[in-house]
Structure formats: structure tokens, C-alpha cells
Amino acid sequence: MLPVVIVLAISSAYGLWYKRSRGVIRAKNKAELLTPEMIGSALGTRATLVQFSSAFCTPCRATRSILQNIVESHSDVVHVDIDAEDHLELVRTLNILSTPTTLFLNSSGQEIGRAVGAPKREQVINALAAIR
Amino acid sequence: MQTLEINKETRNVIDARGPRFSAVITTLVLAAALATNNLWVIVMQAIIFAIGAFRGPQFTPYAAIFRVVIKPRLKSAAVTEDVRPPQFAQSVGLLFALTAITGLVIGINALFLIAVSFALAAAFLNAAFNFCLGCEIYLLILRVRLAHG
């Protein structure tokens, strides 16, 4: 019975961290510069949301619909959805470890924040409001 | 063209509460396997993982229990999900179960212990925290494969 208790205790600790950290938008200090060539799309005039997705990822769908919905009402923001599997070099350059991961770029393509996991609508809107 | 896309989308989605319920049963079965070191418990779970991995998670006996017993009693609205993420998780579960069986058969108990522990952790995380295994490990597998070939 002891192994079961140990596994469930460690998993619970990890699960609580997982639940709290998914979707949180963290500011990026060592800013990566992304070009339109890298992401295969023009940058938004104010901001660009670069989402990395994969086939075996349920929250990628939810993230896609949240971000698409937001850019509909923000004409200066562009949403790009990239299949991570087809862009492994880019994934490695940008150190993407899991999907969905969303990068928040400013008008010059500098990554100023990223969210691992599906972000909440309000969090994205607040983060976008901070990008000038 | 548009309708074709929608049909394709609906054909491959299932009720997301099904795999979550199956994860609860899987957690109990794997906990029993870990507590008892019983070969037949893990063999039974391996067969169920195999059905989920090859035919789809909606065809396992656990999914049948969900459909017949649980689903009619649920009041919440059905949320659908792509069938591929839970199917991927079942494949990973099958790999761990087969590793565990190998450990017991060749007499390396530590192998059994470690493999069942990982499978139990993944099933429990899925059941309790809606953990998405494919999200966390699929990209890592691809990156490792890229680095080695």
C-alpha cells in the first residue's frame, strides 16, 4: 500500500502546481525576436499572438477559439496558430516544451510574454492592453 | 468544402467526460496492481489500454460503463474533445503496462514498480486535475527524436 500512497502524494503536489501554472502569462526578460518569415505570417501592427499546437492536445482547441475570438475585436492584433510538429526547429529555437504555448509579441516581433496551457480570456485581454 | 470540414470535425470528437471517467477506474485498477503486485490485474489493464490505443478510448469496457450507467445520470452539458489526445494517452499507458508485465515475468520487480507508478501517476493526474499527457510529452518525444536523428 505504501507505494500507492507515495505515488498519489507526489502526483497531487505536481497536479496542484500544474493546475495553477497552466495558462498563466509570464513576462519574458531575455526577449526573443521573431520575424514574419519565422512564423509564416505578417505581424500585427500592435501585437501578435503566436500559438503552438499539436494533434494530441485537447486545450489547444479551446486556446484557438479564445484567441481567434479576441483578435476579431482587436484589428491591430494578429493570431497565428503553428503546428509544432511541422516546425520543430522553431520549437527548439524558442524553447517550446509543451502545447499549447502562446507567445505574446509586440509590434516589432519581440516576445514579451508567454503562456503555457490555455490562458483565460481576461488574462489575454489584460496582457494585450499592456502592449503599446 | 465548409460542410466537409465540419463533418470531419464531428466524426472525430467524443464526450470529454468519458475519458475522464475511464481515468478514475484506471486509477483504481492501477492502484490495486501496485498494492498487490498481481500479474493478472496489470494484464487486464494492458488489454483495456490496447483497445483504447488501437480502436479508440470510446470502445473500452470503461467507456461502455460510462455510456450505460454514468452518462444518463449526468446533468452537465456534454463537452466534446478530439479523440486523438485520449487515444495517445492510452498508447502511453499500454507501453507502461507492457513494461510492468515484462518486469514481473522476468523477475525484475523494480521495473514493475516504476512502470506501474508512472502509469498510476498519469491516470490519477488525468482523473483529478484534467492533466493532458499528450500536451506535456508529445513535443518532448518529437524533440528527442529530432536530436537523435
Side-chain angles (χ1 to χ4, degrees), chain A residues 1-23 51-66 68 81-103 114-120, chain B residues 9 12-14 16 19-20 27-28 30-37 79-92 109-110 112-147 149:
Chain A
M1 208 58 203
L2 186 64
V4 176
V5 174
I6 293 171
V7 170
L8 294 185
I10 295 172
S11 309
S12 297
Y14 174 77
L16 288 172
W17 170 82
Y18 175 82
K19 224 19 185 199
R20 279 172 52 172
S21 62
R22 293 306 96 162
Q51 176 186 347
F52 286 85
S53 305
S54 67
F56 305 125
C57 166
T58 295
C60 288
R61 254 179 73 185
T63 306
R64 192 173 305 130
S65 73
I66 289 170
Q68 271 171 359
D81 191 4
I82 296 179
D83 186 348
E85 187 162 2
D86 296 335
H87 298 83
L88 287 179
E89 286 299 339
L90 185 60
V91 160
R92 192 150 61 173
T93 310
L94 298 171
N95 197 29
I96 311 287
L97 298 172
S98 65
T99 54
T101 293
T102 307
L103 311 185
R114 68 168 62 181
V116 177
K120 290 199 173 61
Chain B
E9 181 89 342
N12 294 321
V13 298
I14 54 171
R20 193 88 186 263
T27 301
L28 297 175
L30 289 171
L34 191 58
T36 60
N37 272 18
V79 180
T80 58
E81 73 172 328
D82 192 321
V83 76
R84 291 175 299 173
Q87 190 158 8
F88 175 80
Q90 294 284 301
S91 316
V92 175
N109 208 47
F112 171 85
L113 209 69
I114 292 166
V116 177
S117 294
F118 273 105
L120 172 61
F124 172 71
L125 283 168
N126 189 193
F129 299 97
N130 209 8
F131 177 73
C132 169
L133 188 68
C135 301
E136 302 303 319
I137 70 164
Y138 182 55
L139 209 49
L140 296 180
I141 295 171
L142 290 177
R143 288 182 61 168
V144 168
R145 206 190 282 167
L146 182 75

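A note on names: the letters A, B, ... follow the listed sequences, proteins ahead of strands, and every chain is numbered from 1. Just so it is clear, the structure is predicted and the values come from calculations on it, not from any experiment.
- For B:Ala122, no part lies under 4.5 angstrom from a heavy atom of chain A.
- Per-residue counts of heavy-atom pairs under 4.5 Å with chain B were compared for A:Glu89, A:Arg92, A:Met1; the largest is that of A:Arg92.
- Within 6.0 Å of OH on A:Tyr14 lie more than 12 heavy atoms contributed by other residues, nucleotides or ligands.
- Of the residues considered (A:Leu97, A:Leu2, A:Val91), A:Leu97 shows the highest number of contacts with chain B, using heavy-atom pairs under 4.5 Å.
- Proximity to chain B involves both the backbone and the side chain of A:Leu8, based on heavy atoms less than 4.5 angstrom apart.
- There is no contact between A:Ser53 and chain B, counting heavy-atom distances below 4.5 Å.
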List the atom pairs, with distances to 0.1 Å, where a side-chain N or O of residues 126-144 of chain B and a protein N or O form a donor-acceptor pair under 3.5 Å, not counting sequence neighbours.
{"unit_1": "B:Asn126", "atom_1": "ND2", "unit_2": "B:Phe131", "atom_2": "O", "d": "3.3"}
{"unit_1": "B:Glu136", "atom_1": "OE1", "unit_2": "A:Arg22", "atom_2": "NH1", "d": "3.2"}
{"unit_1": "B:Glu136", "atom_1": "OE2", "unit_2": "A:Arg22", "atom_2": "NH1", "d": "3.1"}
{"unit_1": "B:Tyr138", "atom_1": "OH", "unit_2": "A:Glu85", "atom_2": "OE1", "d": "2.9"}
{"unit_1": "B:Tyr138", "atom_1": "OH", "unit_2": "A:Glu85", "atom_2": "OE2", "d": "2.8"}
{"unit_1": "B:Arg143", "atom_1": "NH1", "unit_2": "A:Ile96", "atom_2": "O", "d": "2.6"}

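- Between A:Ile6 atom CD1 and B:Leu120 atom CG the span is 12.0 Å, to the nearest 0.5 Å.
- With a threshold of 4.5 angstrom between heavy atoms, A:Ser54 approaches chain B through side-chain atoms but not through N, CA, C or O.
- The contact between A:Leu16 and chain B is made by backbone and side chain atoms together, counting heavy-atom distances below 4.5 Å.
- Scored by the side-chain contact (heavy atoms from CB on, under 4.5 Å) test, B:Thr80 finds A:Arg61, B:Val13 as partners (sequence neighbours excluded).
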